[in-house]
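Atoms considered below: every heavy atom in the structure, side chains included; atoms not considered: hydrogens, waters and symmetry mates.
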Amino acid sequence: MYLDVYDHNMTFLRSVDVSKIPSNSIDSPENELRQGVSNFVASNDYIYYANFSITRFMGKITNNSLHPIMNVNPEFEMASESVKGKFSGLFYQSFNKNNELYLLSYTDGTLKRTTFNVDDERYYIINISKNTKNNLLITMRYKNPDTGEGLAPRLYYVNLSDLDFKRFIPSVPEK
């Protein structure tokens with residue numbers, strides 16, 4: 001797979017090999033890039049890729065090749081947006097008790113992180129939607145991993161500006 005980059009006049013600038021996106025699969029990594037793409041964002045030189053299987057990737061194009069900017073796992077997701085953000089992307093760690101959210105600036109690569117805490121710490125984020133006014137609809141639930149019993153799902157409506165994001169320096173995957 002290649003990402004071809006053109007300017008606004010449709011003049012070809014470069015081609016970047018994105019088939020080097022690392023697979024999260026241990027069983028059959030060669031099959032991961034054959035899976036359907038569920039989300040793909042390329043903004044400036046920042047890339048987010050997710051497929052319908054378990055592979056996720058967040059990185060940057062440097063010297064015409066992809067480099068990860070953060071370790072991500074199969075539960076790392078990008079918020080659904082009614083209109084894709086031009087300047088930043090909102091990401092979250094789903095099905096995780098830490099309820100972490102990440103904000104990536106597409107202009108300078110600054111990464112910020114916060115947590116979304118609620119009164120019952122058992123709840124975890126399963127989905128986030130964002131509209132053009134930066135309002136978030138955060139869906140949370142809890143299901144006991146041993147018994148399967150769960151709590152009633154919850155929805156939270158908050159503005160992105162109400163969250164206390166702090167600059168975050170992520171661990172970068174080893175080569």
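- For the pair Tyr157 (side chain) and Asn135 (backbone), a donor-acceptor distance under 3.5 Å is absent.
- Listed for the Asn99 side chain is no donor-acceptor partner under 3.5 Å among the backbone atoms of Asn117.
- Considering only residues two or more places apart in sequence or on other chains, Ser53 meets the side chain to side chain contact (heavy atoms under 4.5 Å, CB included) condition with Glu32, Gln35, Asn51.
- In this structure, Phe57 and Leu66 have side chains that are in contact, with non-hydrogen atoms separated by less than 4.5 Å.
- Among residues two or more places apart in sequence or in another chain, the side chain to side chain donor-acceptor pair (under 3.5 Å) test is passed with Glu81 by Lys130.
- Judged by distance alone, the side chains of Gln93 and Asn73 do bring a donor and an acceptor atom under 3.5 Å apart.
- Note: Tyr49 and Phe40 have perpendicular aromatic rings, judged against thresholds of 30 and 60 degrees for the angle between ring planes.
- Cation-pi geometry between Arg122 and Tyr142 is met: under 6.0 angstrom from the ring centre, within 45 degrees of the axis.
- Looking at heavy atoms from C-beta onward, Leu104 lies in side-chain contact with Met58 at the 4.5 angstrom threshold.
- Screening Phe91, Phe168, Phe165, Tyr48 for a ring-ring contact (aromatic ring centres under 6.0 Å, His included) with Tyr102, the sole residue that qualifies is Phe168.
- Lys133 NZ: 12 or fewer foreign heavy atoms inside a 6.0 Å radius.
- Taking all atoms of both residues into account, the shortest heavy-atom contact from Asp164 to Thr114 is O-OG1, 3.0 Å.
- With a 6.0 Å radius and a threshold of 12 heavy atoms from other residues, nucleotides or ligands, Phe95 has its CZ atom above the threshold.
- Asp4 is linked by a side chain to side chain contact (heavy atoms under 4.5 Å, CB included) to Tyr2, Tyr6, Phe12, Ser15, counting only residues two or more places apart in sequence or in another chain.
- No single ILVMFWY cluster, assembled from side-chain heavy atoms under 4.5 Å apart, contains both Val72 and Tyr124.
- A salt bridge links Arg56 with Glu77: the distance from a Lys NZ or Arg NE/NH1/NH2 to an Asp or Glu carboxylate oxygen falls below 4.0 Å.
- A donor atom on one side chain and an acceptor atom on the other are found under 3.5 Å apart for Ser161 and Asn159.
- Note that NZ of Lys166 is 12.0 Å distant from CZ of Arg113, once rounded to the nearest 0.5 Å.
- Under a 4.0 Å N-O distance rule, the pair Arg167/Asp108 does not qualify as a salt bridge.
- Connection of Tyr123 to Phe116 is established within a shared hydrophobic cluster, with ILVMFWY side chains joined at heavy-atom distances below 4.5 Å, either directly or through further cluster members.
- Looking at Asn127 and Tyr92, their side chains do bring a donor and an acceptor atom within 3.5 Å of each other.
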